[in-house]
Amino acid sequence: MVGWILLGIFGFIVVLFVLLFTVHAYITIDLKDDLALTVRVLGIPIRILPKKDKSYNIKKYTLKKIRKRDAKAAKVAAKKAIAKKKKAEEKARKKAEKKAAEAALTKAEKKARKKAKKAKQPKITELIPLAGGVAKLFFSRFFGKLHIKVARLNIRVGGGDAMAVAMTYGILNQSVGYLMRILEKICHVDGLKKAEISVVPDFTIQKIELDCNLTFRVSLGNVVGAALKAGFAFLKGYIKIKPDPNHPKPTVKPPVPSAPVFAEIPLPPKPPKPEAPPKPPSAKA
């Protein structure tokens, strides 16, 4: 019996991992008059936006049931208030203890503690490149598996000033072209040749109108794999750059030239002194 239970658990885990790494999720964004967001998994559509109108059952709104719900809500609120009060008191107690412990320290001890805490943290000049490399690894892995299907992307450029409309149209027209080229380089763009893409000026409207339909396809396993790979890379890099208080790295200072080096440098010649102008003849002469 135990063997069958273990076999069932093992089979469930295997099926879960197979579904995780093979089943794709489709996220469709449709923007025309309103924004519609739909997620489809295993052919089952799940509408996120717009939200469905909440339906009400009149049978749930009798006087007895309303009083019962209100009493239950008041009981839950009272429990939350008690828990919140206890948490605030515990936080205030810890803060007071920490403040008293810091007040008992001398200035030298505070400085030493701050220095020791700083010595345990990696330098910001090493942490920023690590974070940048990890982000690059995650996005390259994620976008490398991402598929985007462009069904339509129509932009109507309007405005009150004809010159402003023309300038905005030129900028958006080039930007859409650059965007498609960038997407083709970093991920998989499907159906681009059949897509309805246009940018047109429209002097009859006073704003920019967007009409698009985009579908993103990705498996949850790809997202989890990219996150795990980036997480391991960050952990490995953080361990590598984390300083060891017992064996601190020597601080490399720039060499300071000695006095003889300055003595060997010849000084520039002094400029000649300007001659005094001749005195004007006196009035008696």
Side-chain angles (χ1 to χ4, degrees), residues 18-56 131-231:
V18 169
L19 291 176
L20 184 67
F21 287 92
T22 57
V23 175
H24 289 80
Y26 296 82
I27 304 170
T28 302
I29 299 175
D30 194 317
L31 177 62
K32 196 169 186 179
D33 297 329
D34 295 322
L35 175 62
L37 177 62
T38 306
V39 178
R40 184 162 52 90
V41 181
L42 294 174
I44 303 172
I46 303 170
R47 189 174 71 175
I48 308 298
L49 292 174
K51 293 183 178 180
K52 294 181 179 179
D53 296 333
K54 190 175 180 180
S55 59
Y56 295 93
V134 170
K136 184 179 178 181
L137 176 64
F138 173 79
F139 285 112
S140 63
R141 178 88 178 179
F142 174 75
F143 283 105
K145 301 292 184 179
L146 179 66
H147 287 256
I148 302 177
K149 183 179 179 181
V150 183
R152 67 178 188 274
L153 179 60
N154 299 320
I155 303 175
R156 297 172 63 195
V157 184
D161 187 6
M163 183 63 71
V165 171
M167 292 178 62
T168 307
Y169 162 74
I171 295 171
L172 289 178
N173 193 22
Q174 290 185 356
S175 300
V176 169
Y178 291 147
L179 177 62
M180 294 298 109
R181 292 176 187 174
I182 293 171
L183 288 178
E184 284 181 323
K185 288 183 179 180
I186 64 174
C187 61
H188 304 277
V189 182
D190 303 330
L192 189 58
K193 292 182 179 180
K194 298 180 181 179
E196 182 184 342
I197 301 176
S198 65
V199 182
V200 294
D202 192 343
F203 299 98
T204 62
I205 58 176
Q206 298 298 320
K207 59 181 181 178
I208 299 174
E209 293 183 356
L210 177 62
D211 176 18
C212 68
N213 183 284
L214 307 174
T215 301
F216 301 87
R217 176 167 64 90
V218 66
S219 68
L220 185 59
N222 293 333
V223 180
V224 174
L228 288 176
K229 192 170 183 179

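No experiment lies behind these values; they were computed from the predicted model shown.
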query = Between Leu146 and Cys187, which heavy-atom pair has the shortest distance, and what is it?
reply = O-CB, 3.5 Å
Quick one: side chains of residues 195-205, donor-acceptor pairs under 3.5 Å with protein atoms, not counting sequence neighbours, listed by atom name and distance.
residue	atom	partner	partner atom	Å
Glu196	OE2	Asn154	ND2	3.0
Ser198	OG	Asn154	OD1	2.8
Asp202	OD1	Thr204	N	3.0
Asp202	OD1	Thr204	OG1	2.5
Asp202	OD2	Arg156	NE	3.1
Asp202	OD2	Arg156	NH2	2.1
Asp202	OD2	Thr204	OG1	3.4

task = Describe, in one word, how the ring planes of Phe142 and Phe138 are oriented to each other, choosing from parallel (under 30°), tilted (30 to 60°) and perpendicular (over 60°).
result = parallel
query = Stepwise, does the side chain to side chain contact (heavy atoms under 4.5 Å, CB included) test hold for Met180 with Leu192?
reply = CA-CA 9 Å; Met180 294 298 109; Leu192 189 58; 3.6 Å; yes
task = Could you grab the distance from atom CG of Asp211 to atom CG of Leu153, nearest 0.5 Å is fine?
result = 8.5 Å
task = Any chance you could measure Leu228, atom CG, to Arg141, atom CZ, to the nearest 0.5 Å?
result = 10.0 Å
message = Closer than 3.5 angstrom, by distance alone: can the side chain of His188 be matched with the main-chain N or O of Lys145 as a donor-acceptor pair?
response = no
Validation: residues 28-42 side-chain donor-acceptor distances under 3.5 Å, sequence neighbours left out:
residue	atom	partner	partner atom	Å
Thr28	OG1	Thr215	OG1	3.4
Asp30	OD1	Arg152	NH2	2.9
Asp30	OD2	Asn213	ND2	2.8

ask   = Can you tell me how far the OH atom of Tyr178 sits from the CG atom of Asn173, to the nearest 0.5 Å?
value = 10.0 Å
key: Qualifying salt bridge (charged side-chain N to carboxylate O under 4.0 Å, His left out) pairs, either residue in residues 158-186, two or more places apart   = none
request  = Take Val218 and His147, measure what side chain to side chain contact (heavy atoms under 4.5 Å, CB included) needs, and give me the verdict at the end.
outcome  = CA-CA 7 Å; Val218 66; His147 287 256; over 6 Å; no
note = Closest non-hydrogen atoms of Arg47 and Lys51, given as atom of the first, atom of the second and distance, are NH2-C, 4.2 Å
ask   = Can you find a pair of side-chain heavy atoms, one from Asn222 and one from Leu220, that are under 4.5 Å apart?
value = no
query = Which value, rounded to the nearest 0.5 Å, describes the distance between Ile208 atom CD1 and Ile155 atom CD1?
reply = 8.0 Å
ask   = From Arg217 CZ over to Ile27 CD1, what is the distance, rounded to the nearest 0.5 angstrom?
value = 12.5 Å
